[in-house]
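Contents: one structure, followed by commentary.
Residue numbers run from 1 in the order of the sequence given. Numbering of ligands and ligand atoms starts at 1, following listing order.
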Amino acid sequence: MTDTQGVQDFEGLKALVTGGASGIGRATADLLAARGAQVAVLDLAPSSVDKPLLGYLADVTDDASVRSAVAAAVADLGGLDVLINNAGIGAQGTVEDNDDAQWHRVLDVNVLGMVRTARATLPHLRESAHAAIVNTCSIAATAGLPQRALYSASKGAVLSLTLAMAADHVREGIRVNCVNPGTVDTPWVGRLLDAAPDPDAERAALEARQPTGRLVSAAEVAGAIAYLASPLSGATTGTALAVDGGMQGLRLRPVGQ
Ligand SMILES: NC(=O)c1ccc[n+]([C@@H]2O[C@H](COP(=O)([O-])OP(=O)(O)OC[C@H]3O[C@@H](n4cnc5c(N)ncnc54)[C@H](O)[C@@H]3O)[C@@H](O)[C@H]2O)c1
């Protein structure tokens, strides 16, 4: 299988994508496979994954579940070169709105989930000549967004974790980077819009927040993740790549002014 440009930079490489059954993770798994990788997806809902992707049931909040799914995937793939830490969940509200159980839950999935998969995969990544980890972070790590206190704290931790891991593993030949998407048109955002009092107005507000005037696509985030994971980016480690329609870096004047 080839992508539209016929780039096969992942030929012979083996990749694992958490949360790869939906949205950004699914688009990433599909793109890596199209560019030549053998790809394993770890997810709560692996049955929605079909060939050439391999699906494995795993809950990133459960260390035993992660370890056994990683062991099965690495055995089936015959090694591992690329880890995409992407599984994550959202939370809404100010710092007053989420109780301790919600804080523990979101940090457990979004931060410790990445720690567990990294711990389980690092011994295999050390064996690779092209080892790379890409974490799915968020613009919420670098910009203050209203009603996202818990979610932002989790993604801020992911950004710092990415830098610390990049430092720890650079001399082992393992690169670690993250992507910071803006609002991406995935099933997750679809669920948020469905829950809004006026979904059309909510979508328009989210689109207007991005200088490009539209939501980011899952394929665009997958492209950035593939860029960071590719052997072609062998000198890039410890970076956060914004994929946000200019939301973090640009300051536009209102339309017509
Ligand atoms: N959609 C956005 O606007 C947006 C923006 C910035 C960052 N992100 C990040 O992108 C990542 C993916 O988001 P998405 O929009 O594609 O969401 P999504 O809900 O479409 O997909 C998330 C996937 O993760 C899986 N998952 C959730 N909890 C899990 C667990 N405990 N163990 C294993 N798998 C689990 C789900 O089953 C699902 O397949 C998340 O880390 C999210 O924080 C999303």
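In this structure, OG1 in T183 is found 10.5 Å from CH2 in W188, a value given to the nearest 0.5 Å. Atom-to-atom distance recorded for S152:OG and Q147:CD is 10.5 Å, nearest 0.5 angstrom.
Residue-ligand proximity, T183 to ligand 1, at heavy-atom distances under 4.0 Å covers atoms 3 (O). Annotation for ligand 1: atoms under 4.0 Å from non-hydrogen atoms of T136 are 9 (C), 10 (O), 11 (C). Under a 4.0 Å criterion applied to the non-hydrogen atoms of V189, ligand 1 contributes the atoms 1 (N), 2 (C), 3 (O). Of all atoms in ligand 1, numbered sequentially from 1 with element shown, those under 4.0 Å from a heavy atom of Y151 are 6 (C), 7 (C), 8 (N), 9 (C), 42 (C), 43 (O). When each atom of ligand 1 is checked for a heavy atom of S138 under 4.0 Å away, the hits are 6 (C), 7 (C). Listed by atom number, the atoms of ligand 1 under 4.0 Å from D59 heavy atoms are 30 (C), 31 (N), 32 (N). Short contacts between ligand 1 and A58, defined as distances under 4.0 Å to a heavy atom of the residue, involve ligand atoms 32 (N), 33 (C). Near R191, with a cut-off below 4.0 Å to any heavy atom, the atoms of ligand 1 are 19 (O).
For atom 32 (N) of ligand 1, the closest non-hydrogen atom of the protein is V60 N, 3.0 Å. Of the protein's non-hydrogen atoms, the one nearest atom 7 (C) of ligand 1 is C137 O, 3.2 Å. At the top of the distance list for atom 17 (O) of ligand 1, counting protein heavy atoms only, stands W188 CE3, 3.1 Å. Regarding atom 18 (P) of ligand 1, its nearest protein heavy-atom neighbour is S22 OG, 3.6 Å. Protein heavy atom in closest approach to atom 39 (O) of ligand 1: D43 OD2, 2.7 Å. Distance from atom 15 (O) of ligand 1 to its nearest protein heavy atom, with residue and atom name: T186 OG1, 2.6 Å. Of all protein heavy atoms, the one closest to atom 29 (C) of ligand 1 is L44 CD1, 3.5 Å. In this structure, the protein non-hydrogen atom closest to atom 5 (C) of ligand 1 is G182 O, 3.0 Å.
Between the side chains of T162 and N135, at least one donor N or O lies within less than 3.5 Å of an accepting N or O. Between the side chains of D9 and S230, at least one donor-acceptor pair of N or O atoms lies under 3.5 Å. With no hydrogens or angles considered, no side-chain donor-acceptor pair links S65 and D59 at under 3.5 Å. Between the side chains of E127 and H124, no donor N or O sits under 3.5 Å from an acceptor N or O. S138 and N180 share no donor-acceptor pair across their side chains, judged by distance under 3.5 Å alone. Counted by atom type alone, D76 and Y56 present one or more donor-acceptor pairs between their side chains at under 3.5 Å.
Ionic pairing of R67 and D62 is not present here: no N-O contact between side-chain nitrogen and carboxylate oxygen is shorter than 4.0 angstrom. A salt bridge is absent between D185 and R214; no separation between the charged side-chain nitrogens and carboxylate oxygens falls under 4.0 Å. A salt bridge between D81 and K14 is absent, with no side-chain N of the basic residue lying under 4.0 Å from a carboxylate O of the acidic one.
Taking distance alone, with nitrogen or oxygen atoms compared against 3.5 Å, I24 approaches ligand 1 more closely than that limit.
Comparing heavy-atom distances from atom 24 (O) of ligand 1 across G19, G90, A27 singles out G19 as nearest. Heavy-atom proximity to atom 4 (C) of ligand 1, evaluated over L215, V243, V184, is greatest for V184. Ranked by closest heavy atom to atom 22 (C) of ligand 1, the top entry among G25, G88, A222 is G88.
In this structure, L16 is a member of the same hydrophobic cluster as L161, with clusters built from ILVMFWY side-chain heavy atoms closer than 4.5 Å. At a threshold of 4.5 Å between side-chain heavy atoms, the hydrophobic network of Ile, Leu, Val, Met, Phe, Trp and Tyr places Y227 and V7 in two separate groups. No continuous path of hydrophobic side-chain contacts links L13 to L31 [ILVMFWY only; heavy atoms under 4.5 Å].
Using a 4.0 Å heavy-atom cutoff, A218 is absent from the residues neighbouring ligand 1. Residue contact check for ligand 1: R26 places no non-hydrogen atom closer than 4.0 Å to it.
Contacts between R116 and ligand 1 below 4.0 angstrom, taking non-hydrogen atoms only, are absent altogether. With a 4.0 Å heavy-atom cut-off, ligand 1 is reached by the backbone of N86 and by its side chain too.
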